[in-house]
Amino acid sequence: MGEAPAFFSDSFLGDFPNGVDLKSKGHETAVCVGSKIYVIGGADHESTAFIGVQIFDKSSREWINPTVLGTKPQLSNGHSAVLLNGDRILVIKGNSKSDGCFWFLEVGTPFIREQEKTHGNEVVAWSKGVLGNVEKPIVISGPSGVGKGTLISKLMKEFPSMFGFSVSHTTRAPREKEQNGFHYHFSDRSVMERDIKDGKFLEFASVHGNLYGTSVEAVEVVADAGKRCILDIDVQGARSVRTSSLDAIFIFISPPSFEELEKRLRARATETEEQIQKRLRNARAELEQGKSSGLFDHILVNDDLKSCYENLKNILGLTEDVKTACITYPESVDLPVEHLVSKIDQKILINCGAAEYQEASDNMYVLDLSLLKGGAPGRTRRLNLYVTNPSTDRVNGDDQLN
Ligand SMILES: Nc1ncnc2c1ncn2[C@@H]1O[C@H](COP(=O)(O)OP(=O)(O)OP(=O)(O)O)[C@@H](O)[C@H]1O
Ligand SMILES: Nc1nc2c(ncn2[C@@H]2O[C@H](COP(=O)(O)O)[C@@H](O)[C@H]2O)c(=O)[nH]1
C-alpha cells in the first residue's frame, strides 16, 4: 500500500460530484470514481519526469499505488481532470501545445478490467489523445510470401502523408538489406520477453520459430504523426489485436494458389530451404484460418499485383481525390496553466480566460468527444477541438480548428 501524497488533506475525503474536476492545492488533481479517489499529479513512482497516479480507497481508507500502463504524460505545472462515462478521466495539461495536452487515464474500461485479472492488483492506463480524424488502423495478414510487404510498400509510397508503418519487434536475424528500426526492431529474446511481461506489447506471437510482436509504442508513434497505422502481422497476431481494444480493419491476403505462393517465397531468396519448408507448412494452417474464421473483414487474392493493389485501395476508400487532398492537422493551441474546465454532454469547455475565472473570455475552446475512438492500449483518437467566442457563438463548433 502507498502513502498519502503530501498535499492530501481530510477535506478531500468528502463526496465529489462525478464528472467535475477539482482544483488541487498544488499540481495534483483528485477525481472521485465510485468509492475511489484518483489523485493525479506529483511525480510518478518510477520517474520524476512523469505525472504520477495514486488511488485512495474510501471504504478501506488505504492508499494504493496502481500498476500504471501506457506512455505517461510528462509532469507539468498544472492540469485539470474530468471524469468521462465513469471509466476514464480526461486530463488536460496546461502549458502544453495541442498535440500534448489531452490525455486519458483509463480506470475502469474493459482493457483495465482485463489487465487487472493478469496483474492481480489495481491497474490504470494512460492513452494520449490525438486531435483530428485519423482513420482506424489497418491489420494486414496472410501467409509468408503472399505479397503483404509489397502491397504495403506501394501504399506507403503513393500516400506517404497518410499512412505510417507499425515497426514490429522480432527475434529473427536481419536479412541483408533490412535496417534496424525501419523494417523491424531486431531484439534479443530475453529483452522482448521481459517487455511483453511488462505490458509493452499490443500483441505477440511465435511465428516460424521466432518471436514477433507489435509494441504499443509502435502503433502510438504513427498516430502521433497524424497518420493511419498499418500492421503487417500473422494470423495469431491479428486474432490478438481483434480481442484488444484497438479498433482496426482486418484484411487477409491470399495467394492465387499454393504453388504460386511457394514460387514467390523461393524467388524472394531470403530464406534457407529448411525455413521455406517451415513457412509453407505454416501457410497451410494460416490459409485455412484466414479464410474460415470470420476474423477478417476483407479477403483479397493477390494474383495480379496491380489489380490486387487497386482492390486494396478501394477497400480503404482511396480514390484520386483522396490522394490530392492534404491531411489537415489541428492548428497549434497553447493551453495556459490557468484554465477552467466544464463538461456539457460530450463537449468539454475550456475557458482560458482570467485566472479568477469570473467571466468567460474570448479565448474559449470546445473539445468535442462525441466521435471518440480507440483508447488504451494505444491512442485515443478523433478528438475535435473548436474555438468559440461565448459572447457571439453558441457552443456548437462552428469555428472548427481542424
Ligand atoms: N502479385 C504478385 N505477383 C508476383 N509476385 C509477387 C506478387 N506480389 C508480391 N510478389 C513477390 O513475392 C515475393 C514475396 O512478397 P513479399 O515479401 O511482399 O511477401 P510477404 O507477404 O510480405 O512475406 P513475409 O510475410 O514473409 O514478410 C516478393 O519477391 C514479391 O516481389
Ligand atoms: N504476430 C506478429 N506477426 C508479425 C509481426 N511482424 C511480422 N509478423 C509476421 O511474421 C511473418 C514473417 O515475417 P518475416 O519478415 O520474417 O518474413 C509474416 O507473416 C509477418 O506478417 C508482429 O509484430 N506480430
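When a ligand or atom number is given, it counts from 1 through the structure's own listing order. All residue numbers in this chain count up from 1 along the given sequence. Just so we're clear, the structure is a prediction, and the values are computed from it rather than from any experiment.
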**Student:** Any heavy atom of R175 sitting closer than 4.0 Å to ligand 2?
**Tutor:**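 Yes, R175 has heavy atoms under 4.0 Å from ligand 2.
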**Student:** Can you classify the ring geometry of H169 versus F201 as parallel (below 30°), tilted (30 to 60°) or perpendicular (above 60°)?
**Tutor:**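 The arrangement is perpendicular - the two ring planes meet at more than 60°.
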**Student:** I want to confirm something. Looking only at heavy atoms, which of T270, T150, V146 is nearest to atom 31 (O) of ligand 1?
**Tutor:** T150
**Student:** Regarding ligand 1, does D232 bring an N or O atom to under 3.5 Å of one of the ligand's N or O atoms?
**Tutor:** no
**Student:** So, does D303 sit close enough to ligand 1 that a heavy atom of it is under 4.0 Å from the ligand?
**Tutor:**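 Heavy atoms of D303 do come under 4.0 Å of ligand 1.
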**Student:** With backbone taken as N, CA, C and O and side chain as the heavy atoms from C-beta onward, which portion of Q275 lies under 4.0 Å from ligand 2: side chain, backbone, both, or neither?
**Tutor:** neither
**Student:** Counting only heavy atoms, which portion of Q236 has something under 4.0 Å from ligand 2: side chain, backbone, both, or neither?
**Tutor:** neither
**Student:** Going through the distances and angles, do S370 and D368 end up as a side chain to side chain donor-acceptor pair (under 3.5 Å)?
**Tutor:** CA-CA 6 Å; S370 57; D368 185 347; 2.7 Å; yes
**Student:** Measuring from non-hydrogen atoms of H183 to any atom of ligand 2, is the shortest distance under 4.0 Å?
**Tutor:** no
**Student:** What part of H169 sits under 4.0 Å from ligand 2 if we count only heavy atoms: the side chain, the backbone, both or neither?
**Tutor:** neither
**Student:** Would the distance check show the side chain of K36 and the main-chain N or O of V31 forming a donor-acceptor pair, the cut-off being under 3.5 Å?
**Tutor:** no
**Student:** Could you check whether atom CD of E288 has more than 12 heavy atoms from other residues, nucleotides or ligands sitting under 6.0 Å from it?
**Tutor:**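 Result for CD/E288: open.
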**Student:** Using a 4.0 Å heavy-atom cut-off, say whether V207 meets ligand 2 through its side chain, its backbone, both or neither.
**Tutor:** side chain
**Student:** Students often mix this up, so state it plainly: with edges at 30° and 60°, are the rings of F296 and F252 parallel, tilted or perpendicular?
**Tutor:**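 Answer is tilted, since the angle falls between 30° and 60°.
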**Student:** Does E203 have a heavy atom less than 4.0 Å from any atom of ligand 2?
**Tutor:** yes
